[in-house]
Amino acid sequence: MRTKKMATISLDPRFNLQVSKNQQQHGGVVEEIEGLIRVYMDGHVERPSIVPIVPCTMSLERGVTANDVVIDKCTSLWARIYVPSCFGKLPFLVYFHGGGFCVGSAAWSCYNEFLSNLASKANCVIISVNYRLAPENRLPAAYEDGFNTLMWVKQQALNGSTEHRWWLRHCNLTSMFLAGDSAGANIAYNVATRLGSSGTSDFTILRPLYLKGTILIQPFFGGEARTWSEKYTNQPANSALSLLVSDTYWHLSLPIGSNRDNPWCNPLANGMAKLRDFRLPNIMVCVSETDILKDRNLEFCTALTNAGKRVETVMYKGVGHAFQILHNSQLSQPRTQEMMSHIKAFINE
């Protein structure tokens, strides 16, 4: 059994009792990230309730309205939409949560709080996508869900949907952004590159929507060769991501047989020529100083800039991976407010 430890929010002690029963029923545990996910020999997957699942009405920022919408019943794809009280048309973000492609939910309390706050502070409409998870649905399932969400928004806009008028009437359709943190940032980037690949130049497939930019918060990328920060950054006990945890997420989410130089994991694997081919909108990359992904994120920004893309890189000092949702350091709150201010400025350029 491969066990990857991760210090996180307190785990319900009843979970360990359930594990022993499941080992008898489903065989031994073959993959585990402690407190987050267990994969059994027969393919059964467990995700303990380490983060509360909350309704869309829970603990919203003042003036923000939220509702859940079904996008595709066949794949159980849904989203949570946040609308701040406002006048006129607002930018809107299509947001993908983090969790290594294997855990997480648009209904997690930490995302509900963060995105409600962001909608209010940045004055934008946010569509938080609850995409399919690995290993039951390995990549590119999450990318397909991201793309299908955009096509669904486009269809509602074209149809003049009355059911969804409550949020669509607040959206500036020519000011759409893809955004996400960690694995969600990876999804945002890969959906953007799909839209900007040959055959869909100028993102014509989106009309009447227009993709104005992409916001990547601590994007979850990897590679067979380790960076300095991956090898040597000392992570505190409450860190959201270690190298062993990262490797396990990739092992569970990439297509079987792929290694970490799969372009979905390592966008630089095919060299600069491939990056130059993509027609990408403006990109903002948020990097955390004590994140093991810091060097990989900075290398990615440098490569994009050298490929002629417009990239804005912001470094958040003294905080690690996913600080904006975990609040796991004394600096988390002020740095989160800085991030929201940076996002607001970026989407209003």
Side-chain angles (χ1 to χ4, degrees), residues 1-12 15-16 19 28-40 45-51 96-105 108 110-111 131 133-139 142 180-187 216-256 258-262 264-266 286-297 300 316 319-329 332:
M1 181 185 83
R2 298 169 56 183
T3 300
K4 315 304 179 188
K5 291 189 177 292
M6 177 178 177
T8 54
I9 305 164
S10 298
L11 181 64
D12 187 336
F15 180 62
N16 286 328
V19 168
V29 177
V30 293
E31 293 281 3
E32 178 181 10
I33 299 175
E34 187 176 352
L36 287 173
I37 187 170
R38 290 178 188 261
V39 182
Y40 290 85
V45 178
E46 269 178 358
R47 296 178 179 87
S49 302
I50 198 164
V51 180
F96 303 97
H97 66 77
F101 305 105
C102 298
V103 299
S105 169
W108 267 13
C110 54
Y111 281 105
Y131 54 87
L133 298 177
E136 302 95 323
N137 299 282
R138 290 176 178 265
L139 295 175
D181 64 283
S182 194
N186 178 302
I187 296 169
L216 309 179
I217 301 172
Q218 305 134 358
F220 184 49
F221 295 127
E224 287 297 301
R226 306 296 196 186
T227 65
W228 190 96
S229 62
E230 286 173 340
K231 290 189 290 186
Y232 301 116
T233 301
N234 291 322
Q235 294 298 292
N238 60 355
S239 172
L241 191 68
S242 69
L243 193 58
L244 291 176
V245 167
S246 173
D247 286 351
T248 302
Y249 279 143
W250 286 119
H251 181 69
L252 292 174
S253 59
L254 285 170
I256 293 173
S258 293
N259 66 20
R260 292 188 307 273
D261 281 333
N262 182 304
W264 292 334
C265 175
N266 184 359
C286 301
V287 184
S288 293
E289 185 182 35
T290 64
D291 189 354
I292 65 167
L293 298 179
K294 180 185 76 170
D295 289 350
R296 195 169 293 280
N297 288 173
F300 172 71
Y316 296 94
V319 287
H321 196 78
F323 71 88
Q324 71 283 354
I325 59 163
L326 293 183
H327 309 303
N328 56 354
S329 86
S332 292

Among all residues two or more places apart in sequence or in another chain, which pass the side chain to side chain donor-acceptor pair (under 3.5 Å) test with [X]?
X	answer
Asp261	Asn266
Asn297	none
Ser288	Gln218

Going by side-chain contact (heavy atoms from CB on, under 4.5 Å), name the residues that satisfy it together with [X], two or more places apart in sequence or in a different chain.
X	result
Leu133	Arg47, His97, Tyr131
Asn328	Asn238, Phe323, Leu326, Ser332
Asn137	Arg132, Ala141
Thr290	none

From [atom1] ([X]) to [atom2] ([Y]), nearest 0.5 Å:
X	Y	atom1	atom2	result
Thr233	Leu243	OG1	CG	10.0 Å
Glu34	Thr248	CD	OG1	12.5 Å
Ile292	Asn234	CD1	CG	12.0 Å
Ile33	Leu244	CD1	CG	10.0 Å

Within the side chain of [X], is there an N or O that forms a donor-acceptor pair under 3.5 Å with the backbone of [Y]?
X	Y	answer
Arg38	Glu32	no
Ser182	Gly98	no
Ser253	Tyr249	yes

To check you understand the geometry: which heavy-atom pair defines the closest contact between [X] and [Y], and what is its length?
X	Y	result
Val319	Ser329	CG1-OG, 3.7 Å
Val45	Pro135	CG2-CG, 3.8 Å
Gly223	Cys265	N-SG, 4.0 Å
Ala183	Gly100	CB-N, 3.6 Å

Between [Y] and [X], is there a side-chain heavy-atom distance shorter than 4.5 Å?
X	Y	value
Pro48	Leu36	no
Lys294	Thr227	no
Asp247	Arg260	yes

(request) Look at Arg296 together with Glu230 and state whether they make a salt bridge at an N to O cut-off of under 4.0 Å. (result)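 So Arg296 pairs with Glu230 through a salt bridge.
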(request) Could you tell me whether Lys231 and Asp295 have a side-chain N and a carboxylate O separated by less than 4.0 Å? (result)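 Salt bridge: no.
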Listed partners of [X] passing ring-ring contact (aromatic ring centres under 6.0 Å, His included), at least two apart:
X	result
Phe96	none
Phe300	Tyr189, Phe221
Trp250	Phe101, Phe220

(request) Go through the steps to decide whether Leu241 and Leu293 satisfy the test side-chain contact (heavy atoms from CB on, under 4.5 Å), and finish with yes or no. (result) CA-CA 9 Å; Leu241 191 68; Leu293 298 179; 3.8 Å; yes
(message) Using the rule given for side-chain contact (heavy atoms from CB on, under 4.5 Å), can you reason through Cys110 versus Val51, listing the C-alpha separation, both sets of side-chain angles and the distance that settles it, and then say yes or no?
(response) CA-CA 8 Å; Cys110 54; Val51 180; 4.1 Å; yes
(message) Which label fits Trp108 and Tyr111: parallel for a plane angle under 30°, tilted from 30 to 60°, or perpendicular past 60°?
(response)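 Trp108 and Tyr111: parallel rings.
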